[in-house]
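Report on the following structure.
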Amino acid sequence: MSASKKGDLTSSEKELFEVITAGNVQEASRLLGCKDVRVNCLDEYGMTPLMHAAYKGKADMCKLLLQHGADVNCNEHEHGYTALMFAGLSGKTDITWMMLDAGAETDVVNSVGRTAAQMAAFVGQHDCVTVINNFFSRARLDYYTKPQGLEKKPKLPPKLAGPLHKVIMSTNLNPVKMVMLVKENPLLAEVEALDQCRRVMELICEKCIKQQDMNEVLAMKMHYISCVLGKCASFLKDREDKLDGLIKSLLKGQDSDGFPVYQEKFIRECIRKFPYCDATLLQQLVRSIAPVEIGNDPTALSVLTQAITGQVGFMDAEFCTSCGEKGAEKRCSICKMVIYCDQTCQKMHWFTHKKVCKKLQEQREKQEAETAKRRMQQSKEDNKAVQEATDSMQELSVETNSEADLSDSAAETSNATAIEAANN
Ligand SMILES: [Zn+2]
Ligand SMILES: [Zn+2]
């Protein structure tokens, strides 16, 4: 069938748009098998079935349409919206991911010059922003697993692409988590492999800066990963306790309050070593971090995370104190002030946490006592205020009651005037 013109739909295509809205995957599947249904047909606004499904947040429908060859980069919408933009607007991270994985371009702008990430941010869908900003397709990495030009060997052995891609795709930039990812894969946790991965990360970083549509966010992320991998390699080479030693160093807190000084210094150093001094993002990061004394907020990790993933306020209670993963629920049973994914994360942290646990416990108890005291006082004051208000109202009603009889007729007249004025 011919290419679609806006609003030029067969009756089956009209039906397809309807079943997408209703979310009937089975019926959509049947219709897509019909001869008179084009998977990339356009409604009167230039929206494809995939755009509709993405906007409505229907993941199964999106999957089905992609399987039937839906064009993820169709750009016929009247305001230049793409399927990725609609996915971002819907707030569904799984659909956003699916569009990216299907090859959606991230730098296309709509008619007011906004990219999909910017639009998602504009409507407050920050999880989708994170997904978009951190997406790096496996295909882009796989490029380095094939010999290029005169190379006899590829820069990246194919067996390393999978584990490295996992590190790249992590939205948790906590170095402890990254080292854990390296450690859990024996192929990666080896000096030569780490050096190869590092070189590829720096090459991608360079490409991100030098390509026409510069991507400083991704460049910074690649550079940061390269630094962490480099640190892993040096600990594997020089230290007897290897990566466990690195994790310990990163977690070790200072005596006064448990603040991980080495981790803070390491992340600051990574940022400072970013090789492209003119980058706006680098200057922003340095401006935010430089004036902060080590041990105070914001930490370099929180500043970096916000810049790269768009996550704001991520140091809240639900993040693991050890590895920074979201959704941690296990609290230290003594101080109840730190939270972990599981026992592994807690055990990893105990050697340093035990030095401040008691102090934190006292702090918490003191805080709780103060809050309770304040609450008591507040409720006393509230009571008093209510009592005073009641008293003065009583006085007032006594006064007005005595005047009421006299002013009745006056009130009626003024009411009538008011109604008249309103009508006019
Ligand atoms: Zn954890
Ligand atoms: Zn504790």
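Ligands are counted one by one from 1 in listed order, and the atoms in each one are counted from 1 as well. All heavy atoms count here, side chains included; hydrogens, waters and symmetry mates do not.
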The Zn ion (ligand 2) -> H353, closest N, O or S atom is NE2
Check your understanding: About how large, to 10 degrees, is the angle SG of C332, then the Zn ion (ligand 2), then SG of C335?
Key ->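 Reported to 10°, the angle equals 110°.
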- Do K355 and D255 touch side chain to side chain, with heavy atoms closer than 4.5 Å?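 Of all side-chain heavy-atom pairs linking D255 with K355, at least one is under 4.5 Å.
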SB check D241 R239 (cutoff 4.0 Å)
yes
Query raised in the report: Between E362 and K359, is there a salt bridge with N-O shorter than 4.0 Å?
Result: no
Would you say the side-chain atoms of S111 pair up with the backbone N or O of H79, donor to acceptor, closer than 3.5 Å?
->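 Indeed, once roles are kept as given, a pair shorter than 3.5 Å links the two residues.
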Exercise for review: Using the Zn ion (ligand 1) as the apex, give the angle to atoms SG (C345) and SG (C320), rounded to 10 degrees.
Suggested key: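 It is 110°, given to the nearest 10°.
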